[in-house]
Amino acid sequence: MDRLEGMKLFVRVAELGSFAAVAQQLGVARSVVTRQVAALEAHLATRLLLRSTRRLSLTSAGSAYLEKCRLILHLVEAAETDIAEERVAPRGHIRLSLPLSFGLKRLAPLLLEFSQRHPHVGLDMDYTDRRVNLIEEGIDLAIRITRRLDDGDVARRIGTGGMQVVAAPAYLARHGRPRHPAELIDHECLGYTGGGTVHSWPFVVAGKLQSFPVRSRIQANNGEVLGEAAAQGMGISLQPDFIVEGFVAAGRVEPILTGFPVPGFGIHAILPSNRQVPHRVRVLMDFLAAGIGSG
């Protein structure tokens with residue numbers, strides 16, 4: 001007996017509640033259906049269905065087995081669909097949630113290139129630093145920059161990035177250059193509030209990760225604003241490379257405390273936890289991972 005076919009028949013019988021109804025639906029003799037289910041029960045050495053003259057009902061083992069069969073058959077169907085999709089161009093619609101600064105600087109050019117390569121895929125891009133609920137808001141894919149994922153996140157890391165502490169030459173001339181992270185408490189620090197209120201910054205000192213308190217008169221949930229504030233000499237900023245590199249190249253800020261590494265971050269593709277990943281979304285994730293890795 002083909003075990004997968006036996007599972008399919010068992011699920012049909014359980015759902016329709018009748019051997020005869022399944023036989024009629026499939027256009028086969030009733031005895032064919034009963035023999036297949038009986039063979040499955042024999043293989044499992046347990047009774048799945050209770051038979052009476054009026055109706056069929058599931059045993060406790062049958063109820064548990066039914067749920068597992070549904071899951072297995074769903075996975076088989078999804079796998080076969082994926083293989084079929086690999087032979088055709090991706091198509092459909094993708095709703096994206098993208099971080100504002102990184103999204104505009106690094107992701108937007110890649111997404112426009114992807115759209116040109118795949119004209120049958122529509123992209124709906126929402127640029128925001130707000131942490132969205134993918135299921136409630138109907139998002140197919142979110143890109144998040146973070147050191148720590150939330151519990152339950154279905155994620156794939158598609159890249160990494162570094163952090164720098166920077167200040168304007170004018171600020172350092174007025175207030176002095178900190179030589180150790182512990183001295184930051186005596187300086188004006190510009191706080192990024194995307195992950196909550198800022199009280200400390202992390203550094204690796206003597207091979208150990210430590211947090212050092214900072215004070216922030218100016219805070220924002222957008223790194224570009226804080227980078228500009230630092231460039232205007234308003235304080236010291238801890239920012240990702242992709243934000244400060246332009247300011248550094250222009251000579252408006254310079255890296256400081258370079259002897260004390262700051263932990264980097266992961267660039268993650270976050271997926272809804274309640275559904276299979278469509279072929280078009282997987283193609284986009286692969287494209288972004290390749291683009292970010294080579295960027």
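As the structure is a computational prediction, the values presented were derived from the model and not from experiment.
At a threshold of 4.0 Å, the pair Asp124-Arg95 counts as salt-bridged, since one of the basic side-chain nitrogens sits closer than that to a carboxylate oxygen. The existence of a salt bridge linking Glu224 and Lys105 is confirmed by a sub-4.0 Å separation between a basic side-chain nitrogen and an acidic carboxylate oxygen. Between Glu137 and Arg130, at least one side-chain N (NZ, or NE/NH1/NH2) sits under 4.0 Å from a carboxylate O, which counts as a salt bridge. Salt bridge absent: Arg12 and Glu15 never bring a charged side-chain N and a carboxylate O closer than 4.0 Å. A salt bridge links Asp286 with Arg156: the distance from a Lys NZ or Arg NE/NH1/NH2 to an Asp or Glu carboxylate oxygen falls below 4.0 Å. Electrostatic pairing of Glu5 and Arg35 does not count as a salt bridge here, judged by no charged N lying under 4.0 Å from a carboxylate O.
The hydrophobic clustering, which links ILVMFWY residues whose side-chain heavy atoms are closer than 4.5 Å, places Val225 and Ile218 apart.
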### Message
Quick one, Glu245 with Arg252, criterion salt bridge (Lys or Arg N to Asp or Glu O under 4.0 Å). Give me CA distance, side-chain angles, the key distance, then yes/no.
### Response
CA-CA 10 Å; Glu245 60 190 7; Arg252 300 184 68 196; over 6 Å; no
### Task
Could you check Glu113 against Arg117 for salt bridge (Lys or Arg N to Asp or Glu O under 4.0 Å), going step by step and ending with a plain yes or no?
CA-CA 6 Å; Glu113 181 182 350; Arg117 290 191 183 189; 2.8 Å; yes
### Task
For the pair Ile158 and His268, evaluate side-chain contact (heavy atoms from CB on, under 4.5 Å) and give the outcome as yes or no after the intermediate values.
CA-CA 6 Å; Ile158 60 174; His268 301 275; over 6 Å; no
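For the pair Val76 and Leu4, the minimum side-chain heavy-atom distance is below 4.5 Å. Using a 4.5 Å cut-off on side-chain heavy atoms (C-beta onward), Arg106 and Phe242 make contact. The shortest distance between side-chain heavy atoms of Tyr127 and Met125 falls below 4.5 Å. Counting heavy atoms from C-beta on, the side chains of Phe102 and Ile267 come closer than 4.5 Å.
For Arg30 (side chain) and Phe19 (main-chain N/O), no donor-acceptor pair under 3.5 Å exists by modelled atom type. Without hydrogens or angle criteria, Arg51 side chain to Leu49 main chain gives a donor-acceptor distance under 3.5 Å. Listed for the Asn221 side chain is no donor-acceptor partner under 3.5 Å among the backbone atoms of Thr193. Between the Gln219 side chain and the Leu190 main chain, no donor and acceptor come within less than 3.5 Å of each other. Without hydrogens or angle criteria, Arg174 side chain to Gly233 main chain gives a donor-acceptor distance under 3.5 Å.
When all heavy atoms of Pro272 and Leu134 are compared, the closest pair comes out as N-CD2, 3.6 Å. In terms of heavy-atom proximity, Asn222 sits nearest to Tyr192 at N-CE1, 3.7 Å. Heavy atoms only, all atoms of each residue included: Leu257 and Arg179 are closest at CD2-C, 3.7 Å.
In this structure, Phe212 has its ring center under 6.0 Å from that of His180.
When the options Glu188, His187, Glu254, Gln232 are evaluated for a side-chain hydrogen bond (donor to acceptor under 3.5 Å, both in side chains) with Tyr171, the one that passes is His187.
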